[in-house]
Amino acid sequence: MGIIESRMFESLTEAQISAVKTVDGPLLILAGPGSGKTRVVTHRTAFMIQSGVPARRILTLTFTNKAADEMQTRLKDLVGESGVWTSTFHKFCSRTLRAYGDHVGLEENFTIYDAADSQKALKQTIEEHRFELFKYSPNQILNKISELKNQLVNADEFQTRPGAPLDAIVQRIYPLYQKRLLQSNAVDFDDLLLHVAKLLIDNPEVRQELDARYQYISVDEYQDTNYAQYVILKMLSMDYRNLAVTGDPDQSIYGWRGANIRNILDFEKDFPETTVVRLEQNYRSTPNILEVADHLIEYNTQRKEKHLFTDRKEGIPVKLVAFPSQNDEVNVIAESIHRQITNGSRNARDIAIFYRTNSLSRNLEHSLRTLGIPYQIVKGHEFYQRREVKDILAYLHLINNPRNDVAFERIINVPSRKIGKVTIDRIKAYAHQFGVCLLEAALNCEKIATLKGNAKKNIKKFAEMMMRLRETATELVSTIITKIYLETGYRDVLLSTENQEDAERAANLDELLNAAHEFDLEYGELGGLDIYLDQASLVSDVDAWDQDDDKVTLMTLHAAKGLEFPVVYIVALEDGILPHSRSMETDSEIEEERRLFFVGITRAMEELQISRSLYRSQKGRLWPTIPSTFLMELPREKMEVHEPRRAGSEFGDDAFGTMDSDDDYSQQDHYQDPVFGDAAADDSATTNVDETEFTGQFPKGDGIPFEIFGEQTGRPPIESEPAVASGDRLPDLEDASAGLSLDSTGEETDSKSSAETTPGSPSSSAPLIQTAAEMLEGNHDGEAVDQEPPIQLPPSAFSPNMLVSHPSYGVGRILSISAAGSKETATVDFVAIGQKKFVLAFCPLRPIVE
DNA sequence: AAGTTGGAAGTTTTT
DNA sequence: CTTCCAACTT
């Protein structure tokens, strides 16, 4: 062992070695981002095996299959095939329940309901008992039940708080929902943990047995465990207290799912004999990136003080950029990525873009696709959420577990069998009356008096077909699926139409079959229908991410945890997005949002750009944004900042209200101003690069009036993006030097980029604004229209002889200006169409900075 | 019974 | 903007 041991340790630091060598007793590894945590855990496991711990006594728990697979692979590299069980929490619980489920009323072929299934089950419960929900949604009730389950509160244990109407409703529904799940031999996600925890609490002999089986347990991402998981770990570590947990309180981002950051903060109280190892050296990021992360996270109070350090070279500054519009944001990022890839400085796989909400990926996708940049969106559920896939899975579920009523209802009439709602209701009534599942009721359709004629015949046919399919349950999954296709004709129906969409669906079904075939090959004897369905139910988003695929990665900040990329973009640092509007109520929610941002920042190895947009569309409307408060918490003097900055002096007075001119964010005040709004402020905006003055990054006259309450004026909110004028190409990540030189010269314009972008080129001629009428006509591309969209500009922004651009008429030169004040009018000579007159206060003219 | 249409509502993160 | 659901038509 000596030789192996020394080779194994040679690449580790002292702190890491001490963690690796602590095999017995509780161990807490506080591992900062990029501190080589996975290496430590795998080396530690390898060390245990070499020290003689039987591999089957070791259990490694992670949150995602991706993480579990990686551990497995890396362990294999160290010690070869070992037989250590590496699993996600949920999968571990599922396996445990398939063996011991009888203690909690489950048969081994139970079904795992996903979120949609759970919601259907809840809705069925509500419908069946005719509950009045008042103002509450099924989802709110489900969330509450989920919360209770995470706290291991059973249906019969729930104490309502006085004066909480939701509690009262939940108290009545929860037991019935739970009863329905058990009757269907089904569990929801939370049940997987709840049942196992209860099983261990209520059955000392089982607890003892499992404790002895898993004598060495190690847990990844411990900061994200909830109470149920905590109890499970505790119960499994009573006789054999060899519990090693790894985590970072600063990366706890699943509080909303019941994760309790106290689990890690209080670990030493729970296990007083704990060995604590701190891994604070970061091997991933440059000092510049690390400092931004460190500076930010200092604002949190709920944490263990930790100081990240690194040996790495300083690298380039982190960029902080404000874009005029979200289209600019995504386009500039996409162009930047495009350049990096085409000039060979980066591979697509080196680059990632993170966002707070999935909906933000849409624009990014569009921009990347336009430039032909390969990308992958990390959203693992997507495939399994497709209708056709869910339908076939429902057949599989029903074959595996005939009591799965949700599956039954899903496919009883898919493909169409002329079985309608009335018929189904009659089956349900019978099932309810006799306490049987829907499939059994269907089998007994002869006995259902209300059914007759064709309805009865069709039901019977369906039930008999299901019984035939049931006989295939023990065959290979791919065989079962093939038989489903044959018996139901589902795939043929799709192929029989000319419909392109149906063809795609059929192709997806082929893919499903292929995947099942691969599963059969991979798992062999260890596979089987229930294992397969577990796989399908317990995928996490990040599981779908393919590290080796040479594509730009797009993912949520949540999904990004545990990963790293040389180049990272984080977008939409805006109030209400990050921090998210639904997570701004309490300090602890804000702190979690801050940790989420911290996680995003610390994924970056070499380059990082953080951006926001001055406008963002939501629900199809364009709104002005407020910068995220987190942006104020960054060490701006160490960063490369491209933010619009208020310069009231531009127009000689403080027409836009009082503000603290030293504070970039004081412009927030202007979002309240119904007349000039922030857009006016942005007009005058200068860009602050490293706190120096105007650099011309933002054009004058890109002002857009807006109404906070768009409806009140009868005019819809702005529905098109405010465009960037030519020559105002924003700095991007790979353009660091350009941005910095601007800074140093203090020059007003970026002549280099204005030369690149000719006025009138597609990227610079997007319409400033469209009226509702234009929208209706689909006039998006700046064709001349009679109606001039109203744009307000500060009067003094124009002067004779100035070059201007108009979204419809293109480029022109101002000939003269008349009648000063609010009716100030300009006569403009357009290159394309000749002279035109405009009232300056209400026209979309913008100066072209020369 | 099935398909179509209209309106309303909801939109965080995910095992 | 999207999705879901209810009411309507065929």
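Every chain is numbered from 1 and lettered A, B, ... according to where its sequence line falls, protein lines coming before strand lines.
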Does [X] reach a base, just sugar-phosphate, or nothing at all? Heavy atoms under 4.0 Å.
X	value
Ile419(A)	sugar-phosphate
Phe89(A)	nothing
Ser416(A)	sugar-phosphate
Ser583(A)	base
Asp114(A)	nothing

Return the pairing partner of dC5(C) with a 3.5 Å limit on both distances, Watson-Crick or G-U wobble; otherwise return none. dG6(B)

Between [atom2] on [N] and [atom1] on [X], what's the gap in Å once rounded to a whole number?
X	N	atom1	atom2	value
Asn143(A)	dT14(B)	CG	P	14 Å
Ile590(A)	dT13(B)	CD1	C1'	15 Å
Glu592(A)	dT13(B)	CD	C1'	9 Å
His366(A)	dC1(C)	NE2	C1'	15 Å
Ile377(A)	dT14(B)	CD1	P	13 Å
Ile253(A)	dT12(B)	CD1	C1'	12 Å
Tyr384(A)	dT14(B)	OH	P	18 Å

Is the shortest side-chain heavy-atom distance between [X] and [Y] below 4.5 Å?
X	Y	value
Gln229(A)	Phe63(A)	yes
Phe110(A)	Arg98(A)	yes
Thr111(A)	Leu533(A)	no

Measure from the side chain of [X], starting at C-beta and using heavy atoms only, and say which of [options] lies closest.
X	options	value
Phe189(A)	dT14(B), dT12(B), dT15(B)	dT15(B)
Arg257(A)	dT14(B), dA1(B), dT12(B)	dT14(B)
Asn358(A)	dT12(B), dT15(B), dT13(B)	dT13(B)

Taking the six-membered ring for Trp, does Tyr254(A) stack with dT13(B) (centroid gap under 5.5 Å, planes within less than 30°)? no

Centroid distance under 5.5 Å and plane angle under 30°, His580(A) vs dT12(B):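 Base of dT12(B): stacked against His580(A).
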
Base of dT12(B) paired with side chain of Trp256(A) (donor-acceptor, under 3.5 Å):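 There is none.
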
Decide yes or no on side-chain contact (heavy atoms from CB on, under 4.5 Å) for Glu593(A) and Met584(A), but give the supporting numbers first. CA-CA 8 Å; Glu593(A) 296 286 300; Met584(A) 296 173 75; over 6 Å; no

Look only at the side chain of [X] and the backbone of [Y], and say whether a donor-acceptor pair between them is shorter than 3.5 Å.
X	Y	value
Asp188(A)	Tyr113(A)	no
Asn401(A)	Asn185(A)	yes
Lys66(A)	Trp545(A)	yes

Find every protein N or O atom lying less than 3.5 Å from an N or O atom of nucleotides 3-5 of chain C, and list the pairs.
| from | atom 1 | to | atom 2 | distance (Å) |
| --- | --- | --- | --- | --- |
| dC5(C) | OP1 | Lys123(A) | NZ | 3.0 |

Can you see if the side chain of [X] gets near the phosphate of [N] - specifically, an N or O under 4.0 Å from OP1 or OP2?
X	N	answer
Asn413(A)	dA2(B)	yes
Thr357(A)	dT13(B)	no
Thr423(A)	dA1(B)	yes

Let me know, please, whether Leu538(A) or Ala455(A) comes out on the 5' side of the other along DNA chain B by nearest nucleotide. Ala455(A)

Closest-nucleotide mapping onto DNA chain B: is Arg417(A) or Ser137(A) further toward the 5' terminus? I mean the 5' end.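 Its nearest nucleotide being more 5', the pick is Arg417(A).
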
Working note: Phe131(A) + Tyr177(A), criterion ring pair (Phe, Tyr, Trp, His ring centres under 6.0 Å); need CA distance, chi angles, decisive distance, verdict. CA-CA 12 Å; Phe131(A) 276 120; Tyr177(A) 168 72; over 10 Å; no

Can we say Arg595(A) and Asp248(A) salt-bridge, meaning some charged N sits less than 4.0 Å from an Asp/Glu carboxylate O? no

In whole Å, measure the gap between the P atoms of dC4(C) and dT13(B) for me. 15 Å

